[in-house]
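Presented below is the structure to which this report refers.
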Number of protein chains: 2
Amino acid sequence: MPWDLKPDRPIYTQLIEQIQLNIFSGVYPLGSKLPSVRDLAQEAAVNPNTMQRALAKLEEDGLIITHRTSGRSITEDANMVKLARNRLAKEQIAEFLEKMKLMGFEKQETLTLITTMLEEMKK
Amino acid sequence: MPWDLKPDRPIYTQLIEQIQLNIFSGVYPLGSKLPSVRDLAQEAAVNPNTMQRALAKLEEDGLIITHRTSGRSITEDANMVKLARNRLAKEQIAEFLEKMKLMGFEKQETLTLITTMLEEMKK
DNA sequence: ACTATTGTATTAAGCGCTTAATACAATAGT
DNA sequence: ACTATTGTATTAAGCGCTTAATACAATAGT
């Protein structure tokens, strides 16, 4: 798989995003075994610790499971994946609404704005 | 006016937000004169350069006008304020949609999610 | 039993961004 | 004309976060 890493954001967050996508989209099938941190790191041309950091976050989110000395695998729980995806989305949304609030936009106004904005983009 | 500065985010961004709010809400009336950078800085218990940085951004956004040696004032153009407010909102929205896309959420799905989320919060 | 392969903990270097110190430039106001 | 007051430019210190180096711990696999 192609690792697309840009220098404008932390590497580890980009790794998280890309692995997440691969899990959500089924590129990494449920229950499948992941390459070792070192192998993944080499593949992505990245320090093993950096890859480790990304994997740790994914484990925390319940997307992957660590088997101490025999590597990691994707969770087998399809529902877990669905929930995690949903939770991550809600976190982003909450953070976004918070920012808008700081700027003086209440929830309702924000929703209207985003709706009309998407409407405009369709044209 | 009370300056509420927390150590978890850059000071200058917080200054920007708070001054913006004051302009949007009319606490700083259109065309009114602002205290000098130094005075504002002292009021907010902040280094003058930090306040300067915030004011520079607000000027760039067209919200305030600098008169070189006689201080600054709020723009007199009510429409400018309205447009700026709108533009800032759109920037936030675009950034948010971009993040969601990186996480594998298309615009339509994002909109649905945010709508149902707000619906739930009403209860 | 041994060795190669797992993941992990600790620590330090690097880097970019924010903040602050300082000096400068221009002019309003007297 | 002078001086206090404006904004501004430059530069360096500080700080937090990311990344990397290194050593360690556990065990699967032979």
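Reminder, nothing fancy here: chain letters follow the sequence lines and each chain counts from 1. Because only heavy atoms are used, hydrogens play no part in the values below, and waters and symmetry mates are left out as well, while side chains stay in.
For the residue pair Trp3(B) and Glu43(B), a side-chain donor N or O sits within less than 3.5 Å of a side-chain acceptor on the partner.
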#### Entry: Bracket string, DNA chain C, 5' to 3' - pairs by Watson-Crick or G-U geometry under 3.5 Å, | interstrand
||||||||||||||||||||||||||||||
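When the salt bridge (charged side-chain N to carboxylate O under 4.0 Å, His left out) test is applied to Glu120(B), the partners found at least two apart in sequence or on another chain are Lys90(A). Scanning for side chain to side chain donor-acceptor pair (under 3.5 Å) contacts around Asn86(B) gives an empty result, with sequence neighbours left out. Checked against ring pair (Phe, Tyr, Trp, His ring centres under 6.0 Å), Phe96(A) has the following partners two or more places apart in sequence or in another chain: Phe96(B). With sequence neighbours excluded, no residue satisfies side chain to side chain donor-acceptor pair (under 3.5 Å) with Arg68(B). Remark: Gln92(B) pairs with no residue by the side chain to side chain donor-acceptor pair (under 3.5 Å) rule, at least two apart or across chains. In this structure, the side chain to side chain donor-acceptor pair (under 3.5 Å) partners of Glu59(B), at least two apart in sequence or on a different chain, are Thr66(B). For Glu76(B), the salt bridge (charged side-chain N to carboxylate O under 4.0 Å, His left out) test picks out no residue, with sequence neighbours left out.
Protein atom CE of Met51(B) is 14 Å distant from nucleotide atom P of dT8(D), rounded to whole Å. Distance, Leu40(B) CG to dT6(D) P: 10 Å, rounded to whole Å. Summarising the geometry, the separation between NZ on Lys6(B) and C1' on dG16(D) is reported as 20 Å, rounded to the nearest angstrom. Between Asp39(B) atom CG and dG7(D) atom P there is a gap of 9 Å when expressed in whole angstrom units. Counting to the nearest Å, the C1' atom of dT6(C) and the CD atom of Gln42(A) are 16 Å from each other. Look at CD on Glu59(B): it is 13 Å from C1' on dT6(D), rounded to the nearest Å.
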#### Entry: Footprint string (nucleotides 17-22 of chain D, 5' to 3'): B base within contact, S backbone only, - free, heavy atoms under 4.0 Å
-SBBBB
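The backbone N or O of Met103(B) sits nowhere less than 3.5 Å from a side-chain atom of Gln20(A) that would complete a donor-acceptor pair.
In this structure, Gln52(A) does not reach the dG7(C) phosphate: none of its side-chain N or O atoms is under 4.0 Å from OP1 or OP2. Contact check, Arg72(B) against dT5(D): no side-chain N or O comes under 4.0 Å of OP1 or OP2. Taking side-chain N and O atoms only, Ser36(B) has a distance below 4.0 Å to OP1 or OP2 of dT6(D).
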Please tabulate, one pair per line, each protein N/O and nucleotide N/O from nucleotides 24-26 of chain D that are separated by under 3.5 Å, including the distance.
none

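The salt bridge (Lys or Arg N to Asp or Glu O under 4.0 Å) analysis of residues 20-34 of chain B, with sequence neighbours excluded, yields no pairs. Judged as a side-chain hydrogen bond (donor to acceptor under 3.5 Å, both in side chains), the pairs with a partner in residues 106-119 of chain A (not counting sequence neighbours) are, in order, Glu109(A)-Arg85(B).
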